[in-house]
Protein chains: 2
Amino acid sequence: MKKVSLKDIATAAGVSTALVSYVLTNKEKEARIGEEMAKKIREIARQLNYQPNHIARSLKSGRSFTIGLVMADISNAFFANIARTIEDEAKRNNYTVIFGSSDENVDKSQDLINVLLNRQVDGLIITPTEGSEKQIAWLQEQHVPFVLIDRFFPGINANHIAVNNFESAYQAVTHLVKAGRKRIGMIAYETTLHHIAERKRGYLEAMRDHRMPDAEKRLKTARYSHLKTDIRTAIDQLCTGPDRADAIFFATNSLAIEGLKYINELRIRVPDILAIIAFDEGEAFDLFYSPVTYIQQPILQMGKEAVRVLLEQIKDQQKTVENIFIDTTLVVRQSCGSKR
Amino acid sequence: MKKVSLKDIATAAGVSTALVSYVLTNKEKEARIGEEMAKKIREIARQLNYQPNHIARSLKSGRSFTIGLVMADISNAFFANIARTIEDEAKRNNYTVIFGSSDENVDKSQDLINVLLNRQVDGLIITPTEGSEKQIAWLQEQHVPFVLIDRFFPGINANHIAVNNFESAYQAVTHLVKAGRKRIGMIAYETTLHHIAERKRGYLEAMRDHRMPDAEKRLKTARYSHLKTDIRTAIDQLCTGPDRADAIFFATNSLAIEGLKYINELRIRVPDILAIIAFDEGEAFDLFYSPVTYIQQPILQMGKEAVRVLLEQIKDQQKTVENIFIDTTLVVRQSCGSKR
DNA sequence: CTTGCAAACTTAAACGTTTAAGCATATTTT
DNA sequence: AAAATATGCTTAAACGTTTAAGTTTGCAAG
């Protein structure tokens, strides 16, 4: 199938391609096209089923109407949902999304950014991985429009959309305290990423404010690369001994899922023996025999805001940086109900 | 940041852009470029950090090295994982993926296909929605390279990657029979899509071959648009009365998740009272108190094959159609263990 | 000392658009 | 009636590549 171009229409109509272009981009007024001719051209275009060549248009305009999306892990429901809302929102603005998953790997992230920039995306939406500060700083130096989502670096003054991680964690721990839990533990990732640090800080401050001892001791971490084993170790440590934990706050959904699997194996009853709160949502939390209380992130809003900020930045490179923080909602369910 | 182009390099080196192009695309031999000049050009390109403009290249070559991905529902873990493997595999072949979610909606699907073709993708990978036969047939008429994945239309002779739905369902039901279940029900989608029909047929034939009565009566369907209520009705019907079901086979993961939520609410004990088998996998199945036996689809292989077939088709438009069927694996766990 | 040819490069067209500038012809204004 | 303006269209250049065809120079063969 040979694609039909402006030239084909022009030939069929016996006019120049310029004329056809003006008509089909609705510039008849400015270009003073005759009404009849416009009608004729439109009709021919319809008959030939003309579809504009986006690539040619991009080359001319220097804009691709494409945004690049670098997700940390597309197989994680949280990121998959963000990706979906971003794609939706982008389409609503006549933008198209090219995506890739960095799998929390710095090199893969750099690679992806390169590929996307090569493809002349007009901007990027990124969940930065640990250690990617330099990449992000470089983007800024190059004046590439971009927005960070879910995470950001305090030292880099760039657009970002994030939730109030400190407050969310503080609120979650407070909820556990109010529910009568005395020995609250937390499992987080071992990472320098700021959003996780904030969640930890929220936990620690809440513990201190409510005069709960041994918070530091009960704050465990797991390596992303050794998730399964590290979580098992952490839970073993938390859930044994005379003063074993009566509640665990998981810093992310992936940690919670892996943790709950093990808690199931150990047959530790939730919430009788152990209360659970997790960050993010997930079908798995609903299906747990004691539906899991979780911190709900406003995914839809995050995705929309990310696209909005990015497109504004693309339109106006001088635009001031936006740092958006959105509140989460604590969805209370059975998993932190009363002890037996 | 002004992007550097071939012309910039050419000016810096005092040569024509053609020469630069030959060198940077490694055509020195054919174009008989002087060794020293080649070295010099490469050095300048490096210094200026030249990045080829993919769009210009695409316009010239008529190929975008981009494939379009139309997923039925990216928020479903099964499709998200397929998307991820496709993206990975595409990147390995220097292709980039533009994706969109049709949300099982024919119009959205058509819309997406149009957008993607407009963007001059070299080919498409599609999970077709119900009622999209005409769209697919049209693609074929237009000789657009494409591959259907997960689903296909028997009346359309197009590339497709699918699993052996009939055999998989047959095997699952047989497993339930061997486990001593007598009144096996199935919950599927109410759809004309062939892959679901095959799963139903697998159920019905297995029931007949094992002389299980009332198969038709125990085959319930739910509408995608009224998932929650329809599933509740179906389960209510299946799980009441004197000859109530002692096993349910769910035709997809979304059905299973919704169903299990309700089964949880009803406090029907699994597997004591009711055995469960589901199609697809999911974290939720692991986390259910009685880990769910499921039919595992070879996602990685499906994604890889889809990309392979598509790229071959793109390279050789005359290539014969490939219909690939892959076997599934029944992963047996607690949920269809012994009755009490 | 032509001729032939290889080596090292340049020219120019093309891909499909967009858009400023140009050029007739017709109509209005002075 | 000449000048100004409006109308309807065309020309041509540009975006950044690729690549077939052409040009120039040097050098060996006849």
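In the text below, chain A, chain B and the rest are named by the order of the sequence lines, each starting its count at 1.
- For the helix from C:dC1-D:dG30 to C:dT30-D:dA1, the rotation axes defined at the first and last 5 base pairs enclose an angle of 70°, given to the nearest 10°.
- Between A:I9 atom CD1 and C:dT17 atom C1' the separation is 12 Å, expressed in whole Å.
- If you measure from atom NZ of A:K40 to atom P of D:dG8, you get 15 Å, rounded to the nearest angstrom.
- Across all strands, A:S61 comes closer than 4.0 Å to no nucleic acid atom at all (heavy-atom distances).
- Not one N or O on the side chain of B:T127 forms a donor-acceptor pair closer than 3.5 Å with the backbone of B:D150.
- Checking each of B:K27, B:K39, B:E28 against B:I33 for a side-chain contact (heavy atoms from CB on, under 4.5 Å) leaves exactly one that passes, namely B:E28.
- Using a 4.0 Å heavy-atom criterion, one finds that B:S21 contacts the bases of the nucleic acid, with or without backbone contacts as well.
- Remark: A:R92 engages A:E89 in a salt bridge, criterion side-chain N to carboxylate O under 4.0 Å.
- Looking at A:Q120 and A:S58, their side chains never bring a donor and an acceptor atom within 3.5 Å of each other.
- In this structure, B:N26 places its CG atom 11 Å from P of D:dT18, rounding to the nearest Å.
- In this structure, A:K27 reaches the C:dT19 phosphate: one of its side-chain N or O atoms is under 4.0 Å from OP1 or OP2.
- Note that the CD1 atom of B:I55 and the CZ atom of A:R119 stand 9.5 Å from one another [nearest 0.5 Å].
- A cation-pi arrangement, defined by a distance under 6.0 Å to the six-membered ring centre and an angle within 45 degrees of its axis, is absent between A:R151 and A:F153.
- Aromatic rings of B:F152 and B:H195 (six-membered ring for Trp) have centroids beyond the 6.0 Å cut-off, not under it.
- Residue contacts shown for A:S58 are absent, as no nucleic acid heavy atom lies under 4.0 Å away.
- If you take CG of A:L24 and P of C:dT19, they are 13 Å apart, rounded to a whole angstrom.
- One interatomic measurement links the two molecules: CZ of B:R57 to C1' of D:dT19, which rounds to 13 Å at whole-angstrom precision.
- Taking atom CD of residue A:Q51 and atom P of nucleotide C:dG16, one finds them 15 Å apart after rounding to whole Å.
- Checked by atom type, the side-chain pair A:S109/A:Q135 shows a donor-acceptor distance below 3.5 Å.
- Rounding to whole angstrom units, CG of residue A:N53 and P of C:dC15 are separated by 12 Å.
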Query - Step-by-step salt bridge (Lys or Arg N to Asp or Glu O under 4.0 Å) determination, B:R46 to B:E43 - result: CA-CA 5 Å; B:R46 211 188 46 72; B:E43 175 57 17; 3.1 Å; yes

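- Here the P atom of nucleotide D:dA6 and the CD atom of A:E30 are 16 Å apart, to the nearest Å.
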Requested in this report: Would you mind building the protein contact string for nucleotides 9-14 of chain D? One character per nucleotide, 5' to 3', B for base within reach (heavy atoms under 4.0 Å), S for sugar-phosphate only, - for untouched.
Outcome: BBB--B

